[in-house]
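What you are looking at is a predicted structure, and each value in this text was computed from that prediction instead of being measured. Below, chains carry the letters A, B, ... as their sequence lines are ordered, and counting in each starts from 1.
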Amino acid sequence: MSFAFRLMFRDIRSGDLLTLLLALVISVSTVTSIGLFVDRLQLSFEKESANLLAADRLIRSDDVISPEWEQKAKELSLQTAQRTSFTTMMFADNSLQLSQLSAVTDSYPLRGAYLIDDKLFGTGRRSVETPKQGEVWISSRLASLLNVKLGDQVEVGDQPLTVTQFLVRDPGSSASAFAISPRAVMNMADLAATNVIIPGSRVRYSLLLAGDRASLDEYEDWITPQLNESQRWRTPTQRGERIGDTIGRAESFLLLAGTLAVVMSGVAMALASSRFVKRHLMQVAILKTLGATPKQLGRLFFLQLFLLFVAGAAIGLGIGWGIQEIIASLLSGLMSTALPEPSIGRLWLGVATGFISMVAFCLPLMSHLIKISPLSVLQPNAKIEFNSFAIYAIGFVGMFGLMCLYTNGFLLPSIMTVAILGIALLVGAIGWLAFKLGRSLTSGATSGWQIGLASLYRRLVPNLFQLLVFTLIIMLTLILTGVRSNLIADWQQQLPEDAPNHYLFNVQANQIDPINAQTSKLGVKASAWYPMVRGRVTEVNNESVQSLYPEERNEPELYERELNLTWSDTLGEGNELVEGDFSAPGLSVEQEAAKEANLSLGDELTINIGGNLVTLPITSIRTVDWGSMQPNFYLILPKSALEDYPANFVSSMFISDREAQSFYRAMAQYPTVSILNVGDILRQIQAIIGQLSKAIQLVLFCILSAGALVLLASVRSTLQERLEEGALLRVLGARAALVRQALLVEFGALGFFAGLIAAIGAETCLFGLQVFVFNTEASFHPLLWLLGPAIGVLVITTIGVFASRTVLKVPPMLLLRGL
Amino acid sequence: MDRNTAIKVSNLTHTVTSNTGDLTILKGINMEIKESESVAIVGSSGSGKSTLLGLLAGLDVNTSGDIFLYDQEFSNQSEEERALARGQYVGFVFQSFHLLPSLQAIENVMLPAELKGDKEARKKAEVLLDKVGLSHRLTHYPNQLSGGEQQRVAIARAFASNPKVLFADEPTGNLDEENGKLIIKLLFDLNQSQGTTLVMVTHDNELAKMCDRQLVMSAGQLTEKAL
């Protein structure tokens, strides 16, 4: 044991074990910092999204929620709250108004807070309290409609309640942001006395839960099998919600990126191990001649590896923790909320990474080291016989295992493995051709170009490997640069500052002019007014929807619900004609909806409008920019088909915070008009996307660091060879400048090719992403073709020349003595 | 085996497999070396001298025939057993010194004793380095020593385990004449004072002549050179 220690410290002193230790430390700290930071971000996203749910998890039901469910949650130490939402008439002295009322228990909200105000149309202050028994908080809009002020009484069914606050925002309201009735919140304890909920009432019951993730997961496993069709388990990151989707995508990306960092670090470890083994071959052979037995050596190296693991893991965890703290504090100014503390439990990921890396990347090589014949001392050129396949196989299994651990599944690692293998083959082929071409174009050793390009071909395998690693990293960087502009531009750039943030519904034709007059007085510009008539598609080419989609299976969205229909002579803002003639007397269908329902020009739809059936052919197909925040419609009919039906009008407009109060006051004159404020939701989405983009940049930085380590380790693994060559060249009279030029050419060419192939790959991927994922038009990215090779040349040359700087510094004599 | 016999070889044949087929390097060698004897194995390059030395020291396993080193029969032993036997009986000096570059001079010399778990390793190493005239270079690393100094450290290391047999492979091959002479003197002095058997492969006729016997290796056969 003590001998193993002594030998290890001597090895560390010599720098060999230090390289391995460094690789291990970087591997563990990279994974730890990414793991912890991703965890914090996830917790933060969940927390932000939880504000929208007012809980971490929620069960939504059309039936009363069984008390057992709440009991079970309490057994798991989860916090609970209940909310019962329904639409009811609210009465004040002389007026009555249909309102959206929520009755909540005292513990509501579990996450997030109310915004309430003492003043009508105030901007609000935070409150985590809930209305007390006998109280009600009502929105300013509802208060205007009912003509009540603070302290007045309103009645809900049989129960009088006192208005004590004006409600600006209910934390759970965004989840049903498109509810257009005026809102109010009361205490659950008053609900029974109202007697408004009778059998058959349309009521939405919610059980809200909050607590630690493990208990929530356990609860989810318990509850899921018991949910019926009218009950839903909702999580903040649930699919189908816009914000949920964004977070989901970001989470996958971060995990994917983290996995790449793991792979990179693993490769760096394998390279460091391989160098360690090469440098220790003779040492082992000598120790054997001195009487060290294979068992003794086995114990010795195993112990060394174990000590190395303990030291590497401990240092790595410490550094990893530190790095993520630094990153978090750097980003704290940019985050809209403070990042939650990371879970200590996530540290195991770093430990597991260290352990698996040692087992997969060091142990197999080390075990071969022990097998070297002592006869090698008499045959200086003796090489170790590796079973390369087994070593690669173990390394691959280890790497795959790490990826599975990291992403908590097989799918992503499998896709990544296939993708990386595909890219590897492609890069291998292109690289081989390029290096061979470079070699054939130059012969001799009179210029740095010749020596550098020859080196590329001579160290073909390590160079192809480096080419692959850097192609992957640069490609990822370029794709992200492209995707980022798509992702963010969608929301932050395409959506101008004055994008509409309020919708006005239920406007009668005779109200349009006075409202326009009011808004223009406020300096607010409304978008066009669209008439809206409700209707449902019942037949397609004279065949009923029911017979086409029995039991409503896979019904396209166009048929599954009542649609808002409109007529218009001109294509609205954000609409673009794809096929047909918009002015023809037929239907204009939105492209995606038409695609989903398999409709094309000429197909006939029968629409039930207020009991009358209207049959029209499709005469045009158009795209709609749903993000434009303008009123948009799946179906636009000719004016003649709709003008006889009573219509409501809809419009959207941008109301700044400054104008909001005057606008709400002005609109209070039109009690039947519904106003929907989507500004808060937009702001929240923008904040989250802002955070994501920061996180993505950060993870990218981690991957680049891991990639740099791979290059360092890789150059170090060929360092001895380079030193010998450099020494020989210099002994033969080459100036240091020539050797330096050769290095620059070798790494520069490597970087250029990596950047070029990466640009090709990134452009291809972006094309696919734009067309198939973001549904935008494909565009060419000339910047990538400049950035790729530039990043490649700059980064690889800098690191490469830095790593091999000793080639230029060490006196040739010293090297030749060691040859 | 005779009580005074250190090494006995009978019908030793060694064949290696290469790309061009099987190659028989040693062809039916018989020899005996007495305790405390010094023997030089000479011959042209590629004649099989080093292969024979490696087999005698138990570094490799012969194809057929018997090799005895004292009571150890290498032909039938596992790598583990041969390593133990080497630790117990054998010391080595190599042409290219083979010091561990990561260890200081003193640490290199301590190695054999440390492998045996000897607590006195450091003290013994200091004495030996003093004997080879390097007491002022204890904490130097190999790359800070000249070739002659490195070989002196190697000699000290070879004697550190009190070997019964010292195998030397071209010990002066990488040294200039002056250093070569110094090394030879050291080697023979220590050999005599410790009563070690010396088996040496060399191209150097002067050095070979200093040995008690000279064996000539030629085309895989070994013959005794008349003195």
Side-chain angles (χ1 to χ4, degrees), chain A residues 1-20 276 278-300 304 370-382 385 720 723 810-811 813-819, chain B residues 49-55 57-61 78-92 94-104 107-108 110-119 121 141-147 150 154 157-158 160-161 163 167 169-170 174 201:
Chain A
M1 173 84 179
S2 62
F3 178 55
F5 259 122
R6 280 203 300 277
L7 210 60
M8 191 172 86
F9 284 122
R10 290 168 192 169
D11 268 336
I12 285 181
R13 203 176 50 199
S14 77
D16 279 347
L17 264 184
L18 207 60
T19 315
L20 201 59
F276 180 84
K278 270 187 205 159
R279 307 246 312 176
H280 281 68
L281 281 178
M282 202 43 82
Q283 174 172 336
V284 172
I286 295 168
L287 284 169
K288 280 188 169 183
T289 63
L290 297 179
T293 68
K295 265 188 199 161
Q296 209 172 1
L297 287 168
R299 275 200 303 271
L300 192 79
Q304 281 198 0
I370 294 162
K371 288 183 192 149
I372 188 165
S373 162
L375 199 61
S376 310
V377 289
L378 299 173
Q379 298 162 346
N381 295 325
E385 289 291 322
Q720 191 58 34
L723 284 171
V810 176
M813 188 56 217
L814 209 62
L815 283 161
L816 289 178
R817 192 183 281 171
L819 284 179
Chain B
K49 303 184 299 287
S50 292
T51 305
L52 177 64
L53 191 81
L55 290 172
L59 297 181
D60 200 2
V61 188
S78 66
E79 166 62 20
E80 192 80 12
E81 291 166 327
R82 282 184 283 126
L84 284 171
R86 282 197 298 272
Q88 196 181 344
Y89 293 100
V90 172
F92 277 102
F94 305 101
Q95 178 177 4
S96 45
F97 326 135
H98 283 326
L99 299 178
L100 299 193
S102 57
L103 304 189
Q104 299 165 350
E107 290 165 346
N108 264 291
M110 284 161 67
L111 264 182
E114 281 186 317
L115 281 168
K116 286 181 182 173
D118 189 341
K119 297 258 189 292
Y141 286 95
N143 64 3
Q144 298 168 323
L145 300 171
S146 71
Q150 287 190 47
R157 182 179 69 183
S161 57
F167 290 99
D169 181 31
E170 304 273 13
N174 274 354
V201 165

CD (A:Gln283) and NE2 (B:His98) are apart, to the nearest 0.5 Å, by 12.5 Å
With side-chain contact (heavy atoms from CB on, under 4.5 Å) as the criterion, how do B:Arg86 and A:Leu290 come out once you've worked through the C-alpha distance, each side chain's angles and the decisive distance to 0.1 Å? CA-CA 7 Å; B:Arg86 282 197 298 272; A:Leu290 297 179; over 6 Å; no
Separation between NZ (A:Lys295) and OG (B:Ser78), nearest 0.5 Å, reads 8.5 Å
Max heavy-atom pair count under 4.5 Å with chain A, selected residue of B:Pro142, B:Ala83, B:Gly58: B:Ala83
Out of B:Leu99, B:Asp60, B:Leu100, return the one with the most heavy atom pairs under 4.5 angstrom to chain A. B:Leu100
By salt bridge (Lys or Arg N to Asp or Glu O under 4.0 Å), B:Arg157 pairs with (sequence neighbours left out) none
Given 3.5 Å as the limit, does a donor-acceptor pair link the side chain of B:Glu79 with the main chain of A:Pro294, or not? no
Nearest 0.5 Å, please: how far is CG in A:Leu375 from CG in B:Leu53? 9.5 Å
Assess the residue pair B:Phe94 and A:Thr289 against the criterion (side-chain contact (heavy atoms from CB on, under 4.5 Å)); give the C-alpha distance rounded to whole Å, side-chain angles, the decisive distance to 0.1 Å, and a yes or no. CA-CA 11 Å; B:Phe94 305 101; A:Thr289 63; 4.0 Å; yes
Smallest separation among heavy atoms of A:Thr293 and B:Glu80, with atom names: OG1-OE2, 3.0 Å
If every non-hydrogen atom of A:Pro374 is compared with every non-hydrogen atom of B:Leu59, which pair is closest and at what distance? CG-O, 3.3 Å
